[in-house]
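We use all heavy atoms of the structure for the numbers below, so side chains are in, but hydrogens, waters and symmetry mates are not. Residue numbers start from 1 in every chain, and the chains themselves are labelled A, B, ... in the order their sequence lines are given, proteins ahead of strands.
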Protein chains: 2
Amino acid sequence: MAETSTLGYALLGLLARAPLSGWDLAQRLDMPAGYFWSAGHSQIYPELKKLERAKLVKHTKVEQRDRPDKKVYALTAAGRRALRRWVTTPLAPAPKRDELMLRVYSLWLADPADAVAFVRDQEAVHRRRIAEYETHQADVEQHWAAELDDPRSPRFATYATLRRGLGYERELADWCAWLASRITS
Amino acid sequence: MAETSTLGYALLGLLARAPLSGWDLAQRLDMPAGYFWSAGHSQIYPELKKLERAKLVKHTKVEQRDRPDKKVYALTAAGRRALRRWVTTPLAPAPKRDELMLRVYSLWLADPADAVAFVRDQEAVHRRRIAEYETHQADVEQHWAAELDDPRSPRFATYATLRRGLGYERELADWCAWLASRITS
DNA sequence: GGACGCATGTAATAGGTTACATGATTAC
DNA sequence: GTAATCATGTAACCTATTACATGCGTCC
């Protein structure tokens, strides 16, 4: 029996690093900022209420002069425990849904010229993302070198996911290049 | 205006290669057989009815002596055209949802020993999948070498997705190994 | 006055999973 | 008879997306 949904854990994971408002959480989980989980604000506000009913988070009203007031959510001790327990719980294999692969599975039907254009376009998308991630990586390695050796610092965890994102995008872009050249030849 | 849902295209993609019954389609889209799309039979049977109403597929009853009768679905000319059009249509960036990365993002909270065990376990899962895919790859390369050079053969498309699956799993397993050793040191 | 960013919510719809339900045929 | 495989369907629930809805404050 999970204490909350996966989205709930995503929110707890962000709040474990710093208290945030619903709007702030939505910023971080909206594409393209959310590297590996995403959600719109219409999903986040109700979820925060659930988490609060479950006593995993609590909010405090913060009045602002220059902007509308907001509710800032923070983890409770129980919320932190639940998150900590969840992170190393056995992970059930999730069904994959990759639309690019689904397209490629039927790409033999297309005109080869169209197929190459499609695949080269995908490659460009991922090369752009690689450049973006590389900038992040360089920044992180320069400014937080010390923390990247400490597996108990949040920065270490962020760095690990960034490395994975880079590896993923590189492998994908290279595969696109391989496929495009293979169709051409 | 898409002519059908992504699941619909997944079914069309399978039927473009050979006519199949709902049950056969479910076999191919059930974990772990479906490499990059999955669906249960409760989603497939209604979807086939939708596709038939849209005249993208048609079924014929096939009586069997040794087994229950079945409905075998095949693409119509319109279905084939719709699929062909769809494969190279610009692909909208999809929101990512990767629970493993979500766990790792909060892994700094866990005891390092638990964290390493968790990551090593994940690595093992993906190494097993690599071994499986490698067997497939060897089979395909041996038996269908000629077709793998023809971008208009379905076998070529399957081979391309298999290569991608292998690249994905290798990158992931290697990243797990990197992370585990980084936590340990 | 209008656009933009901040801020919070609800409603309707679509997509997906789990559970319920039935029935044929074969092998043990 | 009973379990396993083949075969087809519906219902209930959960998750996620898109659309609707409101309102403050700043800048132009």
Side-chain angles (χ1 to χ4, degrees), chain A residues 1-11 19-31 33-34 36-53 57 59-73 92-99 102, chain B residues 1-11 19-34 36-54 57 59-73 92-99 102:
Chain A
M1 302 299 141
E3 306 202 43
T4 181
S5 63
T6 310
L7 172 61
Y9 287 116
L11 300 179
L20 295 167
S21 66
W23 193 89
D24 291 330
L25 288 162
Q27 294 302 106
R28 282 166 176 75
L29 289 177
D30 261 354
M31 288 290 286
F36 37 79
W37 209 264
S38 63
H41 75 273
S42 67
Q43 217 185 341
I44 291 167
Y45 289 115
E47 189 69 30
L48 283 169
K49 288 187 177 174
K50 273 190 220 167
L51 289 171
E52 193 151 41
R53 274 199 300 275
V57 303
H59 83 267
T60 45
K61 275 165 222 145
V62 174
E63 285 172 35
Q64 298 181 117
R65 273 148 270 152
D66 52 332
R67 292 176 197 179
D69 298 348
K70 62 180 173 179
K71 296 179 181 177
V72 172
Y73 288 83
K96 282 186 204 164
R97 265 182 207 94
D98 185 333
E99 189 172 344
L102 194 60
Chain B
M1 303 299 144
E3 305 200 44
T4 182
S5 63
T6 310
L7 172 61
Y9 287 116
L11 300 180
L20 294 167
S21 67
W23 193 88
D24 291 331
L25 288 162
Q27 293 302 106
R28 282 167 175 76
L29 289 177
D30 261 353
M31 289 290 287
F36 37 79
W37 209 265
S38 63
H41 75 274
S42 68
Q43 216 184 341
I44 290 167
Y45 289 115
E47 189 68 31
L48 283 169
K49 288 186 177 175
K50 273 191 218 166
L51 289 172
E52 192 151 41
R53 276 199 299 276
V57 302
H59 83 267
T60 44
K61 275 166 221 144
V62 174
E63 285 172 35
Q64 299 181 118
R65 273 148 270 153
D66 51 333
R67 293 176 198 179
D69 297 349
K70 62 180 173 180
K71 297 178 181 178
V72 172
Y73 287 84
K96 281 183 204 167
R97 262 179 210 99
D98 185 332
E99 190 171 343
L102 193 61

Student: Compare side-chain N and O positions of A:Gln64 against OP1 and OP2 of C:dA7 and report whether any pair is under 4.0 Å apart.
Tutor: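 A:Gln64 to C:dA7 OP1/OP2: side-chain N or O found under 4.0 Å.
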
Student: On DNA chain D, compare the nucleotides closest to A:Ser5 and A:Arg67; which residue's is nearer the 5' end?
Tutor: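 Upstream on the strand: A:Ser5.
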
Student: Over how many whole Å does the gap from A:Glu47 atom CD to C:dT8 atom P extend?
Tutor: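 Atom-to-atom, A:Glu47 to C:dT8, this comes out as 16 Å.
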
Student: Please report the distance, rounded to the nearest Å, between CG in A:Asp69 and P in C:dG9.
Tutor: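 Value for this atom pair: 12 Å.
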
Student: With A:Leu20, which of A:Val72, A:Leu48, A:Leu25 fulfils side chain to side chain contact (heavy atoms under 4.5 Å, CB included)?
Tutor: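 That would be A:Leu25.
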
Student: Of all the choices, C:dG15, C:dT25, D:dT8, which nucleotide is nearest to the side chain of B:Lys71 once you look at every atom?
Tutor: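 That would be D:dT8.
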
Student: Which listed nucleotide (D:dC24, D:dA7, D:dA16) is nearest to the side chain of B:Asp24?
Tutor: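 Of the candidates, D:dA7 comes closest.
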
Student: So B:Gly22, base contact, sugar-phosphate only, or nothing? Heavy-atom distance under 4.0 Å.
Tutor: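 Sugar-phosphate only.
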
Student: Return the OG to CD distance between B:Ser5 and B:Gln43, rounded to the nearest 0.5 Å.
Tutor: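 Interatomic distance, B:Ser5 OG to B:Gln43 CD, rounded to 0.5 Å: 8.0 Å.
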
Student: Under 4.0 Å: is that the gap between some side-chain N or O of A:Lys70 and OP1 or OP2 of D:dC24?
Tutor: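 Negative; the distance criterion is not met.
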
Student: Mapping B:Gly40 and A:Val72 to their closest nucleotides on DNA chain C, which lands nearer the 5' end?
Tutor: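 By nearest-heavy-atom nucleotide position, the 5'-most residue is A:Val72.
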
Student: Side-chain N or O of B:Arg97 less than 4.0 angstrom from OP1 or OP2 on D:dA16?
Tutor: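 Result: yes.
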
Student: Report the residue (B:Ser21 or A:Leu7) whose heavy-atom-nearest nucleotide on DNA chain D is the more 5′ of the two.
Tutor: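 Counting from the 5' end, the first nearest nucleotide belongs to B:Ser21.
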
Student: B:His59 and side chain to side chain donor-acceptor pair (under 3.5 Å): which partner among B:Lys71, B:Lys49, B:Glu52, B:Lys70?
Tutor: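 The side chain to side chain donor-acceptor pair (under 3.5 Å) with B:His59 is passed solely by B:Glu52 among B:Lys71, B:Lys49, B:Glu52, B:Lys70.
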
Student: For the side chain of B:His41, starting at C-beta, report the closest nucleotide among C:dA19, D:dA7, C:dG9.
Tutor: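 Nearest to the side-chain atoms of B:His41, counting from C-beta on, is C:dA19.
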
Student: Just call it for B:Ser42: base, sugar-phosphate, or nothing, with non-hydrogen atoms closer than 4.0 Å on any strand.
Tutor: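 Counting heavy atoms under 4.0 Å across all strands, the contact made by B:Ser42 includes a base.
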
Student: I'd like to check B:Lys96 versus A:Ser38 (side-chain heavy atoms, cut-off strictly below 4.5 Å). Are they in contact?
Tutor: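 No. Closest side-chain heavy atoms not under 4.5 Å.
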
Student: For B:Thr4 and B:Glu47, which heavy atoms make the closest approach, and how far apart are they?
Tutor: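 B:Thr4 and B:Glu47 have their closest heavy atoms at OG1-OE2, 3.3 Å.
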
Student: Which nucleotide wins on minimum distance to the side chain of B:Tyr45, given the candidates D:dT26, D:dA7, C:dG9?
Tutor: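 Selected nucleotide (nearest to the side chain): D:dA7.
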
Student: Looking at B:Lys49, does any N or O in its side chain come under 4.0 Å of the phosphate oxygens OP1/OP2 on D:dT8?
Tutor: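 No, outside the criterion.
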
